[in-house]
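Comments concern the structure below.
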Amino acid sequence: MAVATETPAAPPVAPEEAGEPARALPGWTRTLAVTTLRSLVPVVLALLAGAVLLLILGRSPVRFYSDVFRYGIQMNNWQNSAVLMAPLLLMAAALVVVFRANIWNLGYDAQYLLGAVFVVGYGPWMFAHWPTPVADVVLFLIAGTAGAIWTIVPALLRAYFGTNEIITTLMMSFIGIDVANILVKGPFQDPTVTIPQTKTIPYADMLPNIPGTRIHVGFLVAIGVVLVLHYLLTRTSFGLRLKVFGENPKAARHVGIDVRRLIVTSFLWSGFLIGLSAAVDILGLWSYVRANWNPSYGNTVIPFVFLARLNLLAVIPFVAFYAVLSTGGDLATQAVSLPTDFLLVIVALILLFMAVIEFLGRRRALGQSYLTKGLKDALRQPLFRRRKST
Amino acid sequence: MTVTESDAPAVELVGISKSFPGVLANDDVHFSVRRGEVHCLLGENGAGKSTLISILSGMQRPDSGSILVDGAPVRIRSPRDALSIGIGTVYQHSTLIPALTVLENLMLGESRRLLLDKGRARRRMGEIASMLGVEVDPDSRTGDLALGRQQQVEIASALWKGSRVLVLDEPTSMLTPQGVEELEKVLVHLKEQGTAIIFITHKLHEALAVSDRITVLRRGRTVGTISEEEIRSSDDSQIRARIVTLMFGDEAADLSDAAELQTSIEEVEALGARHVPPAAADDAEPVLELRSVTAPGDGLEPGVVDVSLTVRAGQVLGVAGIDGNGQRALAEVIAGQRRARSGTIELFGASVNRLGVSARQKLGLRYVTDDRLGEGIVRNLSVSLNLLLKRIGEPPFWRGGRIDGRRVGSTATALVGEYDIRTPTIATRAGTLSGGNIQKLLLARELSLDPKLVVFNKPTYGLDLRTTENVREIVRRLASAGAGAVLISTDLDELLELAGEIAVLSMGRIVGTVENGPDAAERIGALMIGDTGAPGAVA
Amino acid sequence: MTGVLAAASGLFTQSFVTALIAGGVLASVPLMFTALGEAISERSGVLNIGLEGMMLVGAYTGFLGAYEAHSMWVGFLTGAVGGVAAAVLMVVLSVRMGLDQIVIGIAITLAGEGITSVLQQAQFGGAYPRLPAYPQVAIPGLESIPVLGKSLFDQPLVVYFGVVLVGAVAFMFGRTRFGLELRAAGEKPEALDAAGVSVLNTRSYATLATGALAGLGGAYLSVIATGTFTPFMTQGQGYMAIVIAMLARGRPAWVAVASFVFGISLSISTALQLTGINISTDVINMLPFAAIMLALVVFARSAYLPPALAVPYVRGAR
Ligand SMILES: Nc1ncnc2c1ncn2[C@@H]1O[C@H](COP(=O)(O)OP(=O)(O)OP(=O)(O)O)[C@@H](O)[C@H]1O
Ligand SMILES: [Mg+2]
């Protein structure tokens, strides 16, 4: 509703706001800047809090973080981080699809593992008999289908009987993890090794690298999927239907959205993408699956999905950040003789700070506050100054 | 409470201001109520009435201003503070918990003891219920009661808690005419006991019947108070004109004619000037035909049972009945949101039993739901997207699956103007609009693109005079343009004003159909209470 | 066929049943404590996905307490305190500040997993010291009932405490003011608020109670069940407790029953080893979940959840 006024006078600037650089920016840039800032601040705070924790534990934060940087980025190590990004991005995409519809697909571990197990289960045979690209595509599809199939029961139960999907997906996840193990120790086991694990996909048949790097093309696949999905979710009717359903299922029914189909579709897509992430990960990196192996990407990706406000474009930098933290942190924690689980603490801290920052922003939008006015203003000063552009 | 002789009002709100993003809901409002007085608060939708009383009841904190009780300043920081001062409130939106029993609802917050004392609560409930003339089983699940009953329980619960000041925010919206009468008696009784009462309504005749003083809010400001003497000394139509002018400004003075329609049926009939809408011409083609349709209800609510009815082009078919008698099921079964278990539904001569909501929509069927917040809008989406919610994926707003933001924006802007939806911008979250404006939004959405048959479910419930009149005008225009309409309403006046033929719904069945005419009101009333032998009833 | 019969008869030897039930009870206790806690907070409208983390913190602090003080009771106390400490985070962030309960819950789980692992490493540097076994208490008379007696009525004292707790929570829900307020907070918080009771306080107490019970459940795992603390030792039991609470629709008696069923299936592989039958542990682990899924499919019944579950309450928000 742009109402042109005759006098293009600058908006009245409150005295204490004068000279604030952000004010000179046009509306959307400022929104973007504020959003970016709001997303980055939790990360920074979490890293600081992590540093304090390290100090308490008697470790050197400087050493730790510089190690993370060294092992995660420097000297081509960034390429390892990029390799880790591939499955994480696909996992994030899978979660965003359902979370936007306010559907909680928490069965990601099983969906991932089943996809992975089928890839290593059929891969060796296919590569031996079929041209590599054909086998790759078929394996992608098989893995995706395996993931999708594992969502069907929760999807149908939710769509037709309203059964809470948090329960059903968790149940299916526990079952699926066991099924994957049974497959690893049974039909897909490699009889030539003593520890229970599957056959290994020959190195030559793994996904090729992007020329000049050690990053496999699965990374590009993941980026491509994320971009396409982002477009679908934000610009198309499918995305809006998903959102309407997520915000108000009754309204979705009222306006004539086929709610059942929507639930099942988004579940299937989610499962398929998770299976795909497994295929990319196995064919690009692991090449086999050991019994009881579970990278649990879903758990670690969830914080960043929320941090990005279910916006897939914003997911990319966060996942990149986490990939670096994880790749570098693996070695960095060892260097300070801490378990790698220390990284979990940092991820949790990010989540917590994110929630707090979100809270401060939301309080402001509601026009009320639990904080005293002075404190509120002090907190708000640099971060949340945003004017309604009329 | 000792009744002191001091002149200080029981409660006084001084200079209250409260803003929400984009709106100034209360702007330096002054308001007071004395002991033994009913002070009526009137104003159009979104005027800030509910905001003002939620400040009094501790649900909102004012940006500025103060509250005096018996002349002494108090701080009300939470509903608890308000209750402890003795301010009991019936909120506009129900605060009963459907899953709990009536008794449990009443016991909430009532004592600070560790154990619940059901015996004592039961006794007190008996006292209050008999005073209100209500009979409710204390152990029935509240959600299973009819909405009117629930409203009575709610009033009982407010009386239970507030002895000094009683605040009623549109308490009569769900009550039957008898229920309203009973309530009026109760108010008189309470007045005599010295209770101060604040009463909010959109129905002028109710206001005039009970109030000692009337204050009008407009866009968050107090624009005038009509004193007791004034109310006593001038006649009803003068006061009405005065109120309407205060509420809507001079340009709306002619609305006071419309306001007449809000008076009780007898009065209108006495005036003899009412225009009776025409019954449908028998040769007009039927747009909607239900044959022996049966569909399930929600929970204990009746669904529809063996319902047959016909709506012809240009006809408004009224559906009367006490709320909770299958109205929602009927509307939804026509709209396609609920499957019929048996029977056939025909739209424009073809069976649509197997078609879903959006397929029926494409045929020209529209449904204005009564559950405005629950299913009508998506609170967290913008006004503009809410306006086009039923067109997702359709050209010209979506092309090749992709949204055309500019097109959506311009259409929304036009609709906001056309239907006078009060919103800061079209990008505002729809959930923040006031009740009346949400209804306008829904009407704009349903009626904007060539409707052929519209189902209205309680279309003017909770709306102010002017919006009510606009909605009714929309219904009339629709019919004269040749579309059919099903008008489900609990407001008999409205049905008599708009519908040529009125079917009466009771326990999910159509118990009779009445041609609109001089004695229609009585015949409908008889049918509603189950007297099927009433003259003229077409079974 | 005969093989199956032989296996079946092997299954029902007395020692097997005794072992199964006794193991089932032992395994169900932590689930029951935790799920009772979850039932309390779910009824008040707080979906506590952080249960796993709270259990781990409780397991760790409980172990520390028992280890340092050489007392199981101190262990339970510190376990509960640890759980409460984790719950405080939930109270402040989710209940008080209205932040997304699921996000905070996941954060608490991650933090609990990470921090206990880090602290255990920092403190014991890779060693896993053990606690002594604590005595069991037999109920005279009942204990001598054949088959069931030994398995049901000869247990560590906390087990009996757990049974009492089930009754206490049921009483609290049905008969006390706080129980009523709790249910109201989950059903329709604005109604509770309008009645003059603080929704935030009600939910806070409920969440703290959940933390205490989850901490107790965790402490039981480390102090009684295993006698040591290992990182990630809860192995998804926190999530199981959530499922149990949802399936039981927040009713304590059903929580106890469901926990017992889960407990049986957790202990079944150990019991089977007694009989010499060798079934893959993966299959056995899967059974309880498969059974629940089957029940859900067959009865197609949605577990009742309070309408306001996981919806933060902000007074006067639209
Ligand atoms: N919590 C809230 N958040 C944002 N805006 C609000 C909120 N509450 C009220 N408003 C806005 O304040 C204005 C006054 O609303 P209020 O509910 O007081 O009107 P009202 O006079 O009670 O109207 P009605 O007759 O429709 O009930 C409206 O514009 C409404 O959109
Ligand atoms: Mg109002």
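Quick note on labels: first sequence line is chain A, next is B, and so on, each numbered from 1.
For C:V283, the parts lying near chain A are the backbone and the side chain together; criterion is any non-hydrogen pair under 4.5 Å. Contact annotation for C:I115: both backbone and side-chain heavy atoms come within less than 4.5 Å of a heavy atom of chain A. With a threshold of 4.5 angstrom between heavy atoms, A:I302 approaches chain C through side-chain atoms but not through N, CA, C or O. When heavy atoms are compared at a cutoff of 4.5 Å, A:I166 approaches chain C solely by way of its side chain, counted from C-beta outward. Heavy-atom distances place both the backbone and the side chain of A:I175 under 4.5 Å from chain C. For a residue to count as touching a neighbouring chain, one of its non-hydrogen atoms must lie under 4.5 Å from one of that chain's; by this rule A:T300 does not touch chain C. Neither the backbone nor the side chain of A:I346 comes within less than 4.5 Å of any heavy atom of chain C. For A:P339, the parts sitting under 4.5 Å from any heavy atom of chain C are the backbone and the side chain alike. Using a 4.5 Å cut-off between heavy atoms, A:V153 touches chain C through its side chain atoms alone.
Between the side chains of A:S296 and A:N299, a donor-acceptor pair is found at a separation under 3.5 Å. Checked by atom type, the side-chain pair C:S94/C:Q101 shows no donor-acceptor distance below 3.5 Å. Side chains of A:Y297 and A:D109: no donor on one and acceptor on the other come within 3.5 Å.
Separation of the C:F124 and C:F229 ring centroids does not fall under the 6.0 Å cut-off. Remark: aromatic rings of A:F342 and A:F64 are close, center separation under 6.0 Å.
Counting heavy-atom pairs closer than 4.5 Å to chain A, the top residue among C:T109, C:L119, C:I102 is C:I102. Among C:L47, C:I49, C:I106, the residue making the largest number of heavy-atom pairs under 4.5 Å with chain A is C:I106.
Every residue two or more places apart in sequence or in another chain that forms a salt bridge (charged side-chain N to carboxylate O under 4.0 Å, His left out) with C:D282 is listed here: A:K185. Partners of C:T202 under the side-chain contact (heavy atoms from CB on, under 4.5 Å) rule, at least two apart in sequence or in another chain, are C:F178, C:E181, C:L182, C:A185, C:L192, C:V197.
How far CG of C:L99 is from CD1 of C:I104: 5.0 Å, rounded to the nearest 0.5 Å.
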